[in-house]
Amino acid sequence: MLNNLKLVLSQNRKILSIFFVVVFLPSIFLAFFGMRALRNEKFKIQQQTLEEHKGYVSSVQKDIQDFVETQSTDLMGLANSEIFSDAGYSEIRESIVGVQQRDSFFGEVVIWNKKGELWLPVYQVFPLTSKTILEPDEWKTIQPNLNEAERAEFQQKDFSNAISQYRQVLSRSNNDKVRAWILSRIARCEVKQAGNKQALVVYRSLIDSFPDLLTESGRSLEFVSRLEMLNILYTSDNFEALFKESLETYVRLEKKVWSLDISQVKLYADTLKEMINNVVAKELEDVYPEGFLAAVIDFQNKVEKKLHIGRLAEFAVQDVLPYGEDILDRIQGANFPILKNVLMFEGEEVFLISVPLNGPNQGFRMDFLGTIFGANDLTINADTLLSENTPSGISVLMRSNQTGRIVFGEEDAESKKPIFTDLFLDNFPPWRVELYKNEAMGSGFVLYENIFFWMILTLLVILLFGSSLIIRLLAQEMNLLQLKSEFIASVSHEFKTPLTSMGAILEHLQDGKIKNPDKIREYYRILRHDSDRLKRLVLNVLDFTKIEEGKRKYRPISIDIGRLVRQEVESFEKEHKLSGFNVKLQMENNSFPVYADEEALNQAFHNILDNAAKFSQREKKIEVFVERKGEMVEITVVDKGIGIPENEQKKIFEKFYRGKKASSISPTGTGLGLTLVKHIMAAHEGEVVVSSRPGEGSRVSLIFPIREGGE
Ligand code: ADP
């Protein structure tokens, strides 16, 4: 086997080298470069995708940083404006509210000093200094008259006297503050003497005339008056008016019209709430104005929001204070640094951007100006986050660096790793943007859309195809080699048997010892039979060689097939007389004239008859039929021999092929018989047809046209 392989390989060295050089090497070479190109392509696409992701993340960052930048610039603009050097609180407040109205995202503005005392547009939290509640000069000059009236009010409890004394002082003064304070005292006395109606009138005039003034103790005159009015309405069961007035008070409390500190707003809001709750408890539903309770809740929420901002501002300021003083000491009029702080307040991330303010304002030192905004404001302002700009197949998440809390986006249930992460410049906001790959998204690289993939695939197919061809060729060659060596062995055997027998007989005859004429005749018959056998064998081999070389010539003549078959059957019977073969010949007609090569037909018929005899073991019965079928003649040999397995029925016509069982029961044979028969039939435009069942026997027919007279 191994030797055969070596032999086949060396015999086919040329074709193998051609295959190796022309197909194998170039395929491997190209496939190698194709793979490299494929890898490069993949890498390139991955790089492109990464660039796209980076671009997206930096545009998200830019949106957010731009927003922070705008806040800072607006804040600087405010800080540098004139109002902080010479304007009053209300002007400053209006200016800030103006900025907030222009930019609805501009945060809550807060101003504070080094001590942490703070002021927002929505509150006035600065402690009132002596200057804010400064008594007018006139207040001192009227002190004796006031003392007189106070005596009547507090000691004598003569309220109408007190009122008339207050009114006298009032009529002499033109100063607003003095008039407002005295009117408050008059209203107080009216309440004390149960002159509710008059008291209401006075409070109303105070509210209308002096909304911006403070009381003697520094509280909002308007608001104190309003609360007093509400109290009067409540105690006098004037609920209808009470509802109307309380809504109005809410409106004023919620608007940024007063500079109240948080504790005042809270106190007033609580008082209002309690009063309304008390009235509601009385279940006087029919007197509520339409939508009253809903409006109350709405206002309460707004006020609560305002309180929240106040608390937040206080908290934020405390956070920045430790740095503040240090910064003020350092800058000494130099350029403003911008401070950026992040705080966690009531579970929320809050940002404070602030700048130091220079110079006193009307006697107050206002050291810092800041703006407060939430994480939500930042993400809302990042258009790229909310738009469809997100690269396909990607989801974006914003996470706080400090707490890991998710600021934007939703975390996937399976905690995947981000494919790209980036921080903000200067770590502000202290977040990181994380990009995640969605389920559906691939690497962006589609293998079968790539030309190199198809190139490699084609090369592989070529290589496989070529290799399989080569392997088939080698296998065939090896098979042929095997068959040839078997052929040589069996041909040698075929030659040896008759030659040995002929040699022995000739020896006997030569010695002249055999005298019996019958015996001599028998010897001659055997000699004849053996020489016929040898002749046929040689003929088969020679014919085969000629066929292989394409040199086999056929010479058709008019012959009688009936005669040919009969003679062959007779000589077969003679030959096999001793073996006990029973041959039955059936012919429709005695004569079958055909136009054919006699020798070739004789050879073909002999071969199939010889096979029938060779492969019959127990039942030695052979039938021969010669029939005319239309324009064809059919010579059929039927035996009851070993039969031919289904899988061998095609192969038996191949050169040198011998059936498995056949070779075991008849070791002699060349495997050329049927190859020749097939060729002879083909040359006569006919065919050889085999039908067989293993173990039951075979039926082999030669079918070819009659062609009488060679037409
Ligand atoms: P050979 O007879 O020398 O083996 P052939 O070419 O005549 O070669 O036949 C090829 C094979 O076909 C045989 O080896 C045998 O297996 C099968 N064969 C042919 N004729 C018959 C038959 N009548 N019965 C069984 N097997 C047959």
Side-chain angles (χ1 to χ4, degrees), residues 479-480 482-498 532-548 552 565 568-569 572 575-576 579 581-584 600-625 634-682 687-703:
N479 199 23
L480 207 62
Q482 178 72 18
L483 291 174
K484 270 182 185 166
S485 57
E486 278 171 21
F487 164 78
I488 289 166
S490 56
V491 165
S492 324
H493 196 270
E494 290 265 289
F495 274 99
K496 208 171 135 198
T497 318
D532 275 358
R533 211 171 133 186
L534 280 175
K535 193 177 135 199
R536 282 187 196 282
L537 195 63
V538 171
L539 214 68
N540 270 354
V541 176
L542 281 179
D543 273 358
F544 171 73
T545 320
K546 277 189 195 157
I547 286 170
E548 283 280 277
R552 172 71 155 103
V565 171
E568 189 58 35
V569 168
F572 176 85
E575 195 181 321
H576 291 86
S579 325
F581 267 102
N582 174 9
V583 185
K584 211 165 136 196
L601 274 190
N602 202 7
Q603 192 182 9
F605 179 59
H606 177 87
N607 281 356
I608 62 173
L609 199 60
D610 194 42
N611 278 347
K614 264 199 304 199
F615 304 121
S616 293
Q617 281 183 304
R618 277 161 301 169
E619 217 177 331
K620 302 193 169 181
K621 207 169 145 191
I622 296 174
E623 285 174 296
V624 178
F625 301 94
E634 193 176 307
I635 307 169
T636 307
V637 176
V638 181
D639 64 56
K640 305 263 183 231
I642 56 168
I644 309 163
E646 181 84 29
N647 63 333
E648 289 185 354
Q649 286 184 12
K650 263 199 180 136
K651 293 186 197 164
I652 53 177
F653 295 102
E654 291 170 11
K655 57 186 176 188
F656 308 128
Y657 185 84
R658 305 202 66 223
K660 226 176 184 175
K661 191 163 181 200
S663 346
S664 71
I665 67 159
S666 164
T668 59
T670 57
L672 292 178
L674 285 184
T675 314
L676 286 171
V677 172
K678 191 178 170 192
H679 197 271
I680 293 167
M681 280 300 103
E687 57 177 345
V688 46
V689 178
V690 171
S691 68
S692 175
R693 274 168 182 262
E696 288 182 19
S698 311
R699 179 189 182 93
V700 185
S701 305
L702 309 175
I703 306 168

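We count ligands from 1, going down the list as the structure has it; atoms in each ligand are counted the same way. All residue numbers refer to positions in the sequence shown, counting from 1. Source: prediction; values computed, not measured.
Taking CZ of Arg618 as the start and NZ of Lys640 as the end, the distance is 12.5 Å to the nearest 0.5 Å. Summarising the geometry, atom CG belonging to Leu539 is positioned 7.5 Å from atom NZ belonging to Lys546; distances are rounded to the nearest 0.5 Å.
Taking only nitrogen or oxygen atoms, main chain and side chain alike, Thr675 does not reach within less than 3.5 Å of ligand 1. When only interatomic distances are considered, the shortest N/O to N/O separation between Ser698 and ligand 1 falls below 3.5 Å. Between Gly659 and ligand 1, an N or O atom pair is found at a separation short of 3.5 Å.
Of the candidates Ser692, Pro694, Gly671, it is Gly671 that places a heavy atom closest to atom 8 (O) of ligand 1. Between the choices Ile642, Ile652, Asn611, Val690, the shortest heavy-atom distance to atom 20 (N) of ligand 1 belongs to Asn611.
Looking only at distances, a side-chain donor or acceptor of Asp639 sits under 3.5 Å from a matching main-chain atom of Ser698. In this structure, the side chain of Gln649 engages the main chain of Ser692 through a donor-acceptor pair within 3.5 Å.
The closest approach between any non-hydrogen atom of Val700 and ligand 1 is not below 4.0 Å. In this structure, Gly641 has no heavy atom closer than 4.0 Å to ligand 1.
Counting the atoms of ligand 1 from 1 in the order shown, those under 4.0 Å from a heavy atom of Leu674 are 5 (P), 6 (O), 7 (O), 9 (O), 12 (O), 19 (C). Atoms of ligand 1 found under 4.0 Å from any heavy atom of Tyr657 (numbered from 1 in listed order, with element): 10 (C). Short contacts between ligand 1 and Leu672, defined as distances under 4.0 Å to a heavy atom of the residue, involve ligand atoms 6 (O), 8 (O). Those atoms of ligand 1 that come under 4.0 Å of a heavy atom in Ala662, given as number and element, are 14 (O), 15 (C), 16 (O).
Counting heavy atoms under 4.0 Å from ligand 1, residue Phe653 does not touch it at all. Contacts with ligand 1 closer than 4.0 Å are made by side-chain heavy atoms of Ile644 only, the backbone lying farther away. Contact annotation for Lys614 and ligand 1: only side-chain heavy atoms (C-beta onward) come within less than 4.0 Å of the ligand.
The residues Lys484 and Glu548 are annotated as not salt-bridged, no charged nitrogen and carboxylate oxygen being separated by less than 4.0 angstrom. The pair Lys661-Glu648 does not meet the salt-bridge criterion, since no charged nitrogen lies less than 4.0 angstrom from a carboxylate oxygen.
The nearest protein atom to atom 27 (C) of ligand 1, hydrogens excluded, is given as Phe615 CD1, 3.4 Å; this is a heavy-atom distance. The closest protein non-hydrogen atom to atom 4 (O) of ligand 1 is Arg658 NE, 2.7 Å. Nearest non-hydrogen protein atom to atom 23 (N) of ligand 1 is Asp639 OD2, 2.8 Å.
Counting only N and O atoms by type, the side chains of His679 and Arg552 include no donor and acceptor under 3.5 Å apart.
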Inset, instruction - For ring pair (Phe, Tyr, Trp, His ring centres under 6.0 Å), just list the numbers for Phe572 and Phe605, CA-CA rounded to whole Å, side-chain angles, deciding distance to a tenth of an Å, and then say yes or no. - result: CA-CA 11 Å; Phe572 176 85; Phe605 179 59; 9.0 Å; no
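In this structure, Met681 and Ile703 have side chains that are not in contact, with every pair of non-hydrogen atoms separated by 4.5 Å or more. Contact of the Leu480 side chain with the Lys655 side chain is registered, since non-hydrogen atoms from C-beta on lie closer than 4.5 Å. Here the side chains of Val677 and Phe653 are not in contact, with every heavy-atom distance at 4.5 Å or above.
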